[in-house]
Amino acid sequence: MGYPTAVRFRHWVEYGAFAGMAFVLKALPRAWALGLGAGIGWIGWTLGIRRKLVLANIARALPQSTEQERRGIAARAARNFGRTVTDTIRFAGRDRYRTRELVRMSRLEELEAALAEGRGAIIVAGHLGAWGLYVAAISRVGIPTALLVGRQ
């Protein structure tokens with residue numbers, strides 16, 4: 001049993017809008033694309049998309065903050081989310097080959113030494129920004145990578 005026709009149509013419209021926006025974000029220079037992504041995040045915040053959830057999470061994390069502070073943090077987070085999604089979308093295009101310049105890495109020699117000695121290494125990183133690019137950047141320098149992902 002499938003979705004009703006109206007729902008399927010809406011999904012196709014949403015997919016088409018996303019695919020069109022992805023095409024534009026990939027075609028623009030990176031700085032412009034990130035600015036547009038931030039604008040899309042701001043629009044989402046302005047329209048109230050997930051606003052209650054975001055504010056509740058910030059209140060839980062920062063109970064001493066005022067409502068005004070929480071709203072400011074949330075608005076900035078929405079713009080940052082738009083930039084992060086833009087980076088992720090662009091990674092499927094030409095930015096895939098620019099990870100070395102987009103992601104600053106340090107202490108690679110320690111990872112390489114551990115691998116050369118037959119040891120492995122575990123890298124623990126925050127779920128910040130376009131974190132998928134970090135893994136790709138490490139992989140692009142020849143260090144084998146794998147991700148541990150919890151239930152979504």
Seminar exercise, completed: Sequence neighbours excluded, the answer for side chain to side chain contact (heavy atoms under 4.5 Å, CB included) partners of Thr66 is Gln68, Glu69
Problem set entry | Listed partners of Arg79 passing side chain to side chain donor-acceptor pair (under 3.5 Å), at least two apart | none
For this session: Show which residues join Phe9 in its hydrophobic cluster (side-chain heavy-atom contacts under 4.5 Å, direct or indirect), or state none.
Result: Val13
Problem set entry | side chain to side chain contact (heavy atoms under 4.5 Å, CB included) against Ile43, all qualifying residues, sequence neighbours excluded | Leu47
For this session: Using side chain to side chain donor-acceptor pair (under 3.5 Å) as the criterion, list what pairs up with Arg104, not counting sequence neighbours.
Result: none
Exercise. Mind checking what makes side chain to side chain contact (heavy atoms under 4.5 Å, CB included) contact with Glu110, not counting sequence neighbours?
Worked result: Arg107
Problem set entry | Pairs where residues 137-150 contributes a residue and the test salt bridge (charged side-chain N to carboxylate O under 4.0 Å, His left out) is met, not counting sequence neighbours | none
Exercise. Does any pair with a residue in residues 35-51 pass salt bridge (charged side-chain N to carboxylate O under 4.0 Å, His left out), and if so which ones, sequence neighbours excluded?
Worked result: none
For this session: Apply side chain to side chain donor-acceptor pair (under 3.5 Å) to Ser65 and list each qualifying residue two or more places apart in sequence or on a separate chain.
Result: Arg70
Exercise. Sequence neighbours excluded, which residues qualify as side chain to side chain contact (heavy atoms under 4.5 Å, CB included) partners of Leu102?
Worked result: Arg30, Asp95, Arg98
Exercise. Between Leu25 and Gly37, what is the shortest heavy-atom contact and its length?
Worked result: CD2-N, 4.4 Å
Seminar exercise, completed: Residues at least two apart in sequence or cross-chain that pass side chain to side chain donor-acceptor pair (under 3.5 Å) with Gln64, listed by chain then number, are none
Exercise. Does Arg71 use its side chain to pair, donor to acceptor, with the backbone of Glu67 at less than 3.5 Å?
Worked result: no
For this session: Keeping to residues at least two apart or across chains, list the salt bridge (charged side-chain N to carboxylate O under 4.0 Å, His left out) pairs with something in residues 117-136.
Result: Glu117-Arg119
